[in-house]
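The structure appears right after this line, and notes come after that.
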Amino acid sequence: IKNEENRSMTAGIPNSFLVNFYYELSTLHYSRSEYDLSYKWAVKALEYLSNDTPHKVTIDAIRQAAKRCVVKRKFQIATLLIESAVRIAE
């Protein structure tokens with residue numbers, strides 16, 4: 001239900017903008033050493049990725065999420081994310 005509420009609140013806002021917005025929130029919290037919040041916003045950015053999101057934005061969001069996974073010691077997820085970013089970049 002929460003996800004549906006969030007989607008309705010962001011209706012009409014381009015996904016690429018939302019990806020960048022959550023990416024920046026993640027960066028802000030990381031710089032404040034608030035790693036749980038940083039991870040939360042990085043994952044939220046991934047939720048808004050779509051086929052029409054520019055490749056640079058997609059790669060940056062995936063890269064950011066991978067870094068946050070490393071901090072949370074989720075190394076397997078980080079590896080999968082980086083491999084995905086590399087495939088997109090090719």
Side-chain angles (χ1 to χ4, degrees):
I1 296 174
K2 264 188 170 181
N3 202 16
E4 290 174 16
E5 289 172 7
N6 289 340
R7 289 287 179 176
S8 66
M9 288 176 26
T10 59
I13 301 173
N15 282 352
S16 59
F17 175 84
L18 292 169
V19 171
N20 273 322
F21 177 75
Y22 292 125
Y23 169 92
E24 292 297 336
L25 276 177
S26 176
T27 301
L28 171 69
H29 287 291
Y30 186 82
S31 70
R32 294 179 175 177
S33 300
E34 298 169 342
Y35 301 121
D36 289 334
L37 286 172
S38 178
Y39 175 78
K40 172 188 170 181
W41 295 120
V43 170
K44 189 72 168 172
L46 295 180
E47 290 176 15
Y48 285 92
L49 291 175
S50 63
N51 289 335
D52 61 335
T53 305
H55 288 312
K56 182 185 181 329
V57 173
T58 300
I59 292 167
D60 285 346
I62 293 172
R63 186 176 50 85
Q64 178 86 330
K67 287 182 192 179
R68 302 319 172 236
C69 286
V70 169
V71 170
K72 300 286 286 177
R73 303 186 61 77
K74 298 180 180 208
F75 301 117
Q76 290 179 332
I77 296 171
T79 300
L80 291 172
L81 288 169
I82 290 299
E83 288 172 352
S84 296
V86 169
R87 277 194 303 276
I88 292 167
E90 291 177 336

*Quick one: ring-ring contact (aromatic ring centres under 6.0 Å, His included) partners of Tyr35, sequence neighbours excluded?*
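For Tyr35 the ring-ring contact (aromatic ring centres under 6.0 Å, His included) partners, ignoring immediate neighbours, are Tyr30.
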
*asked:* Quick one, Val86 with Glu83, criterion side-chain contact (heavy atoms from CB on, under 4.5 Å). Give me CA distance, side-chain angles, the key distance, then yes/no.
replied: CA-CA 5 Å; Val86 169; Glu83 288 172 352; 5.7 Å; no

*Side chains of Leu28 and Glu24: closer than 4.5 Å at any heavy-atom pair?*
no

*Does some side-chain heavy atom of Phe17 sit less than 4.5 Å from a side-chain heavy atom of Asn20?*
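No, every pair of side-chain atoms sits at 4.5 Å or beyond.
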
For the atom pair [atom1] ([X]) and [atom2] ([Y]), what is the distance rounded to the nearest 0.5 Å?
X     : Y     : atom1 : atom2 : value
Lys72 : Tyr39 : NZ    : OH    : 7.5 Å
Arg63 : Ser84 : CZ    : OG    : 14.5 Å
Lys67 : Ile82 : NZ    : CD1   : 8.5 Å

Transitive ILVMFWY side-chain link [X] to [Y], under 4.5 Å:
X     : Y     : result
Ile77 : Ile88 : yes
Leu81 : Val57 : yes
Tyr23 : Leu25 : no
Leu37 : Val43 : no

*asked:* Under a 4.0 Å threshold between the charged nitrogen and the carboxylate oxygen, would Lys44 count as salt-bridged to Glu47?
replied: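 Here Glu47 pairs with Lys44 in a salt bridge, since their nearest N and O are under 4.0 Å apart.
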
*Should Lys40 and Asp36 count as an ion pair when the cut-off is N to O under 4.0 Å?*
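Looking at Asp36 together with Lys40, the answer is no, because their closest N to O distance does not fall below 4.0 Å.
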
Nearest atoms (heavy-atom pairs only) where [X] meets [Y]:
X     : Y     : value
Ala66 : Ala78 : O-CB, 3.6 Å
Ala85 : Ile62 : CB-CG2, 3.8 Å
Val19 : Ala61 : CG1-CB, 3.6 Å
Arg68 : Thr27 : NH2-CA, 4.1 Å

*Do you know which of Asn15, Thr58, Leu18 makes side chain to side chain contact (heavy atoms under 4.5 Å, CB included) with Leu49?*
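Answer after filtering Asn15, Thr58, Leu18: Thr58.
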
*Could you point out which residue of Ser31, Ser26, Ser33 forms a side chain to side chain donor-acceptor pair (under 3.5 Å) with Ser38?*
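Result: among Ser31, Ser26, Ser33, Ser26 is the only option passing the side chain to side chain donor-acceptor pair (under 3.5 Å) with Ser38.
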
